[in-house]
Protein chains: 4
Amino acid sequence: MLRRDKPKFKQIIDAAVVVIAENGYHQAQVSKIAKRAGVADGTIYLYFKNKEDILISVFEEKMGSFIEKIEQEIAGISSPLEKLYVLVKKHFESLAADHHLAVVTQLELRQSNKELRHRINDVLKRYLRIIDEIVKEGIEKGEFRRDLDIRLARQMIFGAIDETVTTWVMNEQKYDLVALANPVYELLTKGCASS
Amino acid sequence: MLRRDKPKFKQIIDAAVVVIAENGYHQAQVSKIAKRAGVADGTIYLYFKNKEDILISVFEEKMGSFIEKIEQEIAGISSPLEKLYVLVKKHFESLAADHHLAVVTQLELRQSNKELRHRINDVLKRYLRIIDEIVKEGIEKGEFRRDLDIRLARQMIFGAIDETVTTWVMNEQKYDLVALANPVYELLTKGCASS
Amino acid sequence: MLRRDKPKFKQIIDAAVVVIAENGYHQAQVSKIAKRAGVADGTIYLYFKNKEDILISVFEEKMGSFIEKIEQEIAGISSPLEKLYVLVKKHFESLAADHHLAVVTQLELRQSNKELRHRINDVLKRYLRIIDEIVKEGIEKGEFRRDLDIRLARQMIFGAIDETVTTWVMNEQKYDLVALANPVYELLTKGCASS
Amino acid sequence: MLRRDKPKFKQIIDAAVVVIAENGYHQAQVSKIAKRAGVADGTIYLYFKNKEDILISVFEEKMGSFIEKIEQEIAGISSPLEKLYVLVKKHFESLAADHHLAVVTQLELRQSNKELRHRINDVLKRYLRIIDEIVKEGIEKGEFRRDLDIRLARQMIFGAIDETVTTWVMNEQKYDLVALANPVYELLTKGCASS
DNA sequence: GATGAATGAGAATTCATTCAT
DNA sequence: CATGAATGAATTCTCATTCAT
């Protein structure tokens, strides 16, 4: 039985998200997470190698299902432009639907040390590859400009989406993030310049 | 005499950048910074209130002169599009010219706690306002699309630039960042879509 | 289970008394106390909030049982004069029996900061109230002079006892403190003047 | 020229009393005393060997003139009982007249380390010897009880006076200390017991 | 599998004192 | 005589991890 299918594994992951969101990364002690999950401190170490492993697992689990959802959503779409639109929209929807998770991914987990962030980036790569695919397909199908550097296009797309979400979180999620999907999509596809 | 004009202040700031870049944020002990700066530990506290004050000052000093440089560069330019191009180029040039600083601003200082990051954001705001001005002027002069949401455009521009630099730093600065100024500018202005 | 009933709590308290007596208040580092108590430094903090809490607890524990002992001893005595005599005698006996404790209460704990001394005074108040009761009862029963100011009488009694013990401690406990109980009692009751 | 006759010596002593009274013993840094005295930090060390030397000098200077005053006052008195009364009265008057000094001698200087307190005790000895002389003379002249242990009588007298002043200081000097001279004198001479 | 008491390494900061000017 | 910038030693407390029960 995989650890991720055991109930306590999920309990601890979920507790970690809440504890980090409520207390901040540096105040998210293992004992706090254990208490919130309703298990003993030592029990954590039956499911996770160490604290870092909890944090990575948080990202893997949450980001993983997030990525899967998006992969499914865009699977049946043929137009790369529409795929990009759906990706932006689903990205915003997912984080708008889980405020705790949004705080954790946009603010708290970024305070982790260099190594942890490199490992988080590995998880992210799967997401970035989806964007790469959309861009590549877009070029092939003629919907995207032919002279695009795929990597740079992906960085702009991800950077813009990410910055938009982070600004929204730092503004305490006061406005409607999902409503920004369309204008962000317009910006990404048409750019700033008047044509 | 302002503390920032005293030679030891600069010594310590510069030592801090190197120490943080080489050891990482969490391994940048005050004693290490002092040693590198060639002063006693206690001397640090004649120029800085506490360790956090060193870190904020690093950002203020470096980012401050960075912003000033860009303000001067674009001051004499009349075309907002050209201003945007110069901003991207100077941004890349500045960080490419100081590898230590690039590591510190893109990776290390982001692991600071929430309060420190909020104070860092205050410094950043000045930079974001420059972008806002360019966008606003661009719309007025007809070079930028009329229907742009200024805040979103700024988020895309900053997000794309920042993501590009961060990716470059995480790839250990293996390729030529400055060479990306033009394609990034093209992306930001024309977008991904074929017209 | 109250912390004061746990064996390690007592271990640490007792270690603190010895370490403070032997090294002095300002040289009684937490690590020294831990080592003497045979526990890890961190274990201290499972039983005490901080270092100050150890010191207050030392006083509360030791002074507490000291006060209880005296309360019990005088409970069955009907004559206030005899109560006073027993109080002086027990006070001297208690401190003569524990040289370390005598050094700690008479010399070392008095170097604590104002806040700690105020909290120590709270414990002392219970002792001072016992003296007050003896004086009050003595006046009512006609054994003490009718015109006594209770508070002043208490201050003289406590001041004389305390000064006697402190002088004894500062003279390195070279003479027999308990033997002074009778002459001190005589002084307190009859005064200096020939009648 | 003796250092104690130089104006800066007195300036620094007086500044020390005020700084200690207002900030407490542990917050009375040399730099604070220097600032208050209107001299540079380094100047302190032209007049005092080290910080401890300042504190002892404070006690010597202030207690010295205090003792001299009392010696003069009782010099012309022939009755030992009256001498005792005057001593108590002058003791209370002196401290009631200088609230800062009262706080320093009764509370703050007692937080000093063991060595400093031993040296302070040397200064006190001169005062204690005055009391001894009064008691001895009192016994010889038949005004004091013949069976007195001089040392113990002195400890009671000093202990009672000191405790009375300390209680008054800890109660923030809310009531009239000098008015207590008479009842304290009565207590010391006649004791608590009804005759 | 589950517990939770015990462990112990690691770092920012203060302030008395010096000494070149 | 006077200055004040510079020095550097010294200590509490936290919290991830272990392991006996």
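The sequence lines fix the lettering, A, B, ..., with proteins before strands; numbering per chain opens at 1.
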Q: Among D/H100, D/K62, D/R36, find the one that has a side chain to side chain donor-acceptor pair (under 3.5 Å) with D/D14.
A: D/K62
Q | Residue-phosphate contact under 4.0 Å: B/K8 side-chain N/O, F/dA6 OP1/OP2 | A | yes
Q) Can you give one letter per nucleotide of nucleotides 16-21 of chain E, 5' to 3': B if a protein heavy atom sits under 4.0 Å from the base, S if only from the sugar-phosphate, - if neither? A) SBB---
Q | Closest-nucleotide ordering on DNA chain F, the 5'-leading residue of B/G38 and D/A40 | A | D/A40
Q.
To the nearest 0.5 Å, what is the distance between CG on A/L95 and OG1 on A/T105?
A. 5.0 Å
Q. Given the rule in the side-chain contact (heavy atoms from CB on, under 4.5 Å) test, do A/I33 and A/V30 qualify, once you have shown the distances and angles that lead to the verdict?
A. CA-CA 5 Å; A/I33 296 173; A/V30 172; 5.6 Å; no
**Q.** Pairing residues for B/E52 by the salt bridge (Lys or Arg N to Asp or Glu O under 4.0 Å) criterion, not counting sequence neighbours
**A.** none
Q. Is the closest side-chain donor-acceptor distance between D/Q11 and D/K8 under 3.5 Å?
A. no
(Q) Taking the basic N atoms (NZ, or NE/NH1/NH2) and the acidic carboxylate oxygens, is any pair closer than 4.0 Å for D/R119 and D/D122? (A) no
(Q) In whole Å, I'd like the distance from the CD atom of A/Q27 to the P atom of F/dT14. (A) 10 Å
Q | Distance-only polar pair, side chains of A/R4 and A/S57, donor-acceptor under 3.5 Å | A | no
Q: Quick one: sort the D/Y127 and D/F66 rings into parallel, tilted or perpendicular, breaks at 30° and 60°.
A: tilted
Q: Calculate the interatomic distance between C/K32 atom NZ and F/dA10 atom P; express it in whole Å.
A: 11 Å
(Q) Just to be sure I understand: a Watson-Crick pair is purine N1 to pyrimidine N3 plus N6-O4 or O6-N4, both under 3.5 Å. Using that and G-U wobbles, which stems of three or more pairs involve DNA chain F? (A) E:2-21 with F:2-21
Q: Respond yes when some side-chain nitrogen or oxygen of A/K6 is under 4.0 Å from OP1 or OP2 of E/dG1, and no when none is.
A: yes
Q) For B/Y47 and F/dA6, is the shortest distance between a side-chain N/O and OP1 or OP2 below 4.0 Å? A) yes
(Q) Measure NZ/A/K35 against P/F/dC15 and give the value in whole Å, please. (A) 14 Å
**Q.** Nearest-angstrom distance from the residue atom CD1 of A/I44 to P of E/dG1
**A.** 15 Å
Q: Rounded off to whole Å, could you give me the OH-to-P distance for the B/Y25 and E/dA11 pair?
A: 14 Å
Q) Rounded to the Å, how far apart are D/F48 CZ and F/dA2 C1'? A) 16 Å
